[in-house]
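In what follows, every heavy atom counts, from backbone to side chain, and hydrogens, waters and symmetry copies are set aside. Predicted, not measured: the structure shown is a model, and the values here were computed from it.
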Amino acid sequence: LTALVAGCTDVPALLRRHTYPPNFKYIDRAQLRSAMWQLADDVRALDRVMRQPGEIDAPRRVEVERLLSAMLVAAGALQSDGRPTNHPLISDHVENFRRDVSQALAGVQAEPPNYYLVGTVSGACLTCHSPD
């Protein structure tokens, strides 16, 4: 019976439901790695787009908007809405990171666009990922 139940249910999720308080958000390893890899890819692509010589034309502006929006989605998967998580650095900093990305996106969407805050987005990663 135990083997049948174990094969039909997600045992770790079932155990977490009974071992963590209801206001706790558990971020599993796969979700964390997926979101972080997506953010890393988007930050690298954003840096590439912003470093291209010349003025930022309409297609580049659209790409910057797309990348910032994708970063908001990826970081949203990690957002805990003020609840504690099993990753304290994420709990402490993801909302600030999302705010920074949102402000950069608002600047890009303004008329005329302002790209100043876009340059700070990859630097915001250093809050948790310092080179020390």
Run the salt-bridge test on E63 and R66 with the 4.0 Å N-O cut-off and return the result as yes or no.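 Yes.
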Is the closest basic N to carboxylate O distance between R99 and E95 below 4.0 Å? no
Taking every non-hydrogen atom, the tightest pair across V121 and A104: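 Looking at all heavy atoms of both residues, the shortest contact is CG2-CB, 3.8 Å.
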Of all the heavy-atom pairs spanning P53 and R60, show the shortest one and how long it is.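 So the two residues come closest at O-NH1, 3.4 Å.
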Spacing of [atom1] belonging to [X] relative to [atom2] belonging to [Y], to within rounding of 0.5 Å:
X    : Y    : atom1 : atom2 : result
L67  : L105 : CG    : CG    : 10.5 Å
L46  : D41  : CG    : CG    : 12.5 Å
Q109 : R61  : CD    : CZ    : 8.0 Å

The test is salt bridge (charged side-chain N to carboxylate O under 4.0 Å, His left out); show your working for R44 and D47 and say whether it passes. CA-CA 5 Å; R44 278 192 294 274; D47 284 346; over 6 Å; no
Hydrophobic clusters here meaning ILVMFWY residues chained together by side-chain heavy-atom distances under 4.5 Å, can you tell me if L68 and Y115 are in one?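 Yes: a chain of side-chain contacts under 4.5 Å links L68 to Y115.
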Common cluster, L117/L39, ILVMFWY with side-chain heavy-atom separation under 4.5 Å: no
Do other residues, nucleotides or ligands put more than 12 heavy atoms under 6.0 Å from the OH atom of Y116? no
Using a 6.0 Å cut-off, check whether atom CD of E111 has over 12 heavy atoms from anything other than its own residue.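 Yes, because the 6.0 Å sphere around CD of E111 holds more than 12 heavy atoms from other groups.
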